[in-house]
Amino acid sequence: MSHVYERVALIGLGLIAGSMGLAMKAHGLAGEVVGTARSKDTRDVAVGLGLCDRVTETAAEAAKDADLVVLAVPVGAMGAIAAEIAPHLKPGATVTDVGSVKKHVVEAVSPHLPDTVHFVPGHPLAGTEHSGPHAGFATLFENRWCLLITDAGCEAGAVANLRALWEGMGANVEEMDADHHDLVLAVTSHTPHLIAYTMVGVADDLRRVTDSEVIKYSAAGFRDFTRIAASDPTMWRDVFLTNKEATLEILGRFTEELFALQRAIRTGDGEQLFDYFTRTRAIRRGIIEAGQDTEAPDFGRGTSRK
Ligand SMILES: NC(=O)C1=CN([C@@H]2O[C@H](COP(=O)(O)OP(=O)(O)OC[C@H]3O[C@@H](n4cnc5c(N)ncnc54)[C@H](O)[C@@H]3O)[C@@H](O)[C@H]2O)C=CC1
Ligand SMILES: O=C(O)C(=O)Cc1ccc(O)cc1
């Protein structure tokens, strides 16, 4: 495939940027991939693993002359990076990000960017509980969704190129607005992560009582929770701080349902429990029939619905 961009700058060299670098190289999507990270260790590892062709010490240097700049840092750090690179961006360049929350990123990044560049926020619904440059792999985005945040003001050519890049890395692309994105992700990703963090925390408290039996005899359900709850603390702290409204809305509904089930257990209402579990089983079957499930409980397998 011919290059979609001559020069791509990856700001932050962790799981997502690393996977993008490897995927762009594997599919010949970029002429040159320049990377940057705060620590020299990360930069050295990134070059050693071939995540990018070369690294720079600062984000400003990496962004200079880039046709596409990808912000791949925790959501809470996006605004500061945008402010740092803004004066160095090439006119006509596209800036995108991969953050898990979109409204906050739009609000934090847009005010810093000059009118001469295009900002098209993005979010690949693909990841793992691992982080850092060693975690990246070239096939991460294959058959996964990537959501682009577009509105009437977006330049069609800039959106088309970014779409081509994600499709070239194997993703299925859809466009939506930031508010809708944040609500959907609060249901499908953010609240489930919080529930997993809570369940593992509860089990850890119990472990002190039962002297390690929780870990020793942990069944598959709990193990799945521990995988999710091993996700990066900085990244997830930022997700909850910045997608506050939607997460609190979904958590409110969740606790109402939980109380209803708690009452059914206390009152011995087997019919209510049975009906509830029958309904949720049908949802799971629907996901599998739509081809959107893998053995691992990760979200966002992007099989085309067409
Ligand atoms: N991990 C996942 O499964 C997914 C993550 N995302 C989003 O992608 C973005 C990057 O996540 P990962 O690649 O998983 O993270 P990571 O932890 O693997 O890499 C993050 C990179 O950002 C750098 N960084 C951290 N704080 C910084 C700061 N204050 N200033 C400058 N650089 C900083 C780190 O040194 C590292 O190079 C996040 O916004 C996250 O919400 C999106 C989809 C999936
Ligand atoms: O590892 C998992 O199960 C995930 O849910 C990965 C993930 C984490 C954060 C995102 O914004 C998108 C995907």
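The model shown is predicted, which means the values in this text are computed figures rather than measured ones. All ligand and atom numbering here is 1-based and tracks the order in the structure.
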#### Entry: Per-atom contacts, ligand 1 versus Thr128 - under 4.0 Å to a heavy atom
1 (N), 3 (O)

### Query
Taking both backbone and side-chain atoms of Leu13, is any N or O found less than 3.5 Å from an N or O belonging to ligand 1?
yes

### Query
What is the nearest protein non-hydrogen atom to atom 18 (O) of ligand 1, stated with its residue, atom name and distance?
Gly132 N, 2.7 Å

### Message
Is it the case that the side chains of Thr150 and Glu175 hold a donor-acceptor pair, with the cut-off being a distance below 3.5 Å and no angle test?
### Response
yes

#### Entry: Hphob cluster co-occupancy, Leu15 + Leu51, side-chain heavy atoms under 4.5 angstrom
no

#### Entry: Nearest-neighbour protein heavy atom for atom 3 (O) of ligand 1, which is reported as residue plus atom name and distance
Gly127 CA, 3.2 Å

### Message
Working note: Phe225 + Ile195, criterion side-chain contact (heavy atoms from CB on, under 4.5 Å); need CA distance, chi angles, decisive distance, verdict.
### Response
CA-CA 8 Å; Phe225 275 131; Ile195 293 165; 4.3 Å; yes

### Message
Show the nearest heavy-atom pair for residues Ala246 and Leu183, with the distance to one decimal.
### Response
CB-CA, 4.0 Å

### Task
Take the angle between the ring planes of His190 and Phe240 and call it parallel below 30°, perpendicular above 60°, tilted in between.
perpendicular

## Note on the structure
Exactly one candidate in Val98, Val95, Leu165 meets side chain to side chain contact (heavy atoms under 4.5 Å, CB included) with Val70; the answer is Val98

### Message
Among all the protein's non-hydrogen atoms, which is closest to atom 40 (C) of ligand 1, and how far away is it?
### Response
Ser100 OG, 3.6 Å

### Query
Is the shortest heavy-atom distance from the side chain of Met24 to the side chain of Val4 under 4.5 Å?
no

### Task
Could you say whether the N/O atoms of Leu15 and ligand 1 ever approach to under 3.5 Å?
yes

### Query
Any idea which atoms of ligand 1 are less than 4.0 Å away from a heavy-atom of Gly12?
21 (C), 22 (O), 37 (O)

### Query
Between Val34 and Met169, is there a shared hydrophobic cluster once you connect ILVMFWY residues whose side-chain heavy atoms come closer than 4.5 Å?
no

### Query
Out of Arg38, His193, Met20, whose heavy atom is nearest to atom 34 (C) of ligand 1?
Arg38

### Those atoms of ligand 2 less than 4.0 Å from some heavy atom in Gly127
1 (O), 6 (C)

### Query
Which one of Arg227, His190, His130 has a non-hydrogen atom at the shortest distance from atom 3 (O) of ligand 2?
Arg227

### Message
Looking at ligand 1, is there an atom of it that comes within less than 4.0 Å of some heavy atom belonging to Ala80?
### Response
no

### Message
I'd like to know whether CZ of Phe137 has more than 12 heavy-atom contacts from other residues, nucleotides or ligands below 6.0 angstrom.
### Response
yes

## Note on the structure
A student checking ligand 1 against Met78 at a 4.0 Å heavy-atom cut-off should list atoms 39 (O)

#### Entry: Top protein contact for atom 19 (O) of ligand 1, by heavy-atom distance
Gly14 CA, 3.2 Å

### Task
Report yes if some N/O of Val239 lies less than 3.5 Å from some N/O of ligand 1; otherwise report no.
no

### Task
With atom 23 (C) of ligand 1 as the reference point, say which of Val73, Ile81, Leu140 has the nearest heavy atom.
Val73

### Task
For the pair Phe222 and Val200, evaluate side-chain contact (heavy atoms from CB on, under 4.5 Å) and give the outcome as yes or no after the intermediate values.
CA-CA 8 Å; Phe222 180 68; Val200 175; 4.2 Å; yes

### Message
Check for me whether Arg144 meets the cation-pi criterion with Phe141, that is, NZ or CZ under 6.0 Å from the six-membered ring centre and within 45 degrees of the ring axis.
### Response
no

### Task
Just let me know how Trp236 lines up against ligand 2, side chain, backbone, both or neither, with a heavy-atom cut-off below 4.0 Å.
side chain

### Task
Measure Met235 to ligand 2 on non-hydrogen atoms and call it side chain, backbone, both or neither using the 4.0 Å cut-off.
side chain

### Message
Hydrophobic cluster membership, with links at side-chain heavy-atom distances under 4.5 Å among I/L/V/M/F/W/Y: are Val187 and Tyr197 in one?
### Response
no

### Query
Which heavy atom of the protein is the closest neighbour of atom 5 (C) of ligand 1, given with residue, atom name and distance?
Met235 CE, 3.4 Å

### Task
Starting from atom 20 (C) of ligand 1, locate the nearest protein heavy atom and write down its residue, its atom name and how far away it is, to 0.1 Å.
Ala72 O, 3.7 Å

### Query
Who's the nearest protein heavy-atom neighbour of atom 7 (C) of ligand 1, and how far?
Val98 O, 3.2 Å

### Those atoms of ligand 2 less than 4.0 Å from some heavy atom in His123
10 (C), 11 (O), 12 (C)

### Query
Do Pro124 and ligand 1 have an N or O pair less than 3.5 Å apart?
no

### Query
Does a side chain donor of either Thr139 or Glu142 reach within less than 3.5 Å of an acceptor in the other side chain?
no

### Task
Taking the side chain as every heavy atom from C-beta outward, state whether Asp97 and Ile81 have any atom pair closer than 4.5 Å.
no

### Query
For Ser131, is at least one N or O under 3.5 Å away from an N or O on ligand 1?
no

#### Entry: Check ion pair Glu257-Arg253 (N to O, under 4.0 angstrom)
no

### Message
Below 4.0 Å, non-hydrogen atoms only: which portion of Pro74 touches ligand 1? Side chain, backbone, both or neither.
### Response
both

### Message
For atom 13 (O) of ligand 1, what's the nearest protein heavy-atom neighbour? Residue, atom name and distance, please.
### Response
Ile16 N, 2.9 Å

### Query
Hey, is Lys103 close enough to Glu107 for a salt bridge, meaning N to O under 4.0 Å?
yes

### Task
With heavy atoms of Ile228 as the reference, note each atom of ligand 2 found under 4.0 Å away.
3 (O)

### Message
Does the residue His123 have a heavy-atom contact with ligand 1, meaning some pair of atoms that are separated by less than 4.0 Å?
### Response
yes

### Message
So if I count the atoms of ligand 2 from 1 in the order they appear, which ones are less than 4.0 Å from some heavy atom of Ser100?
### Response
9 (C), 10 (C), 11 (O)

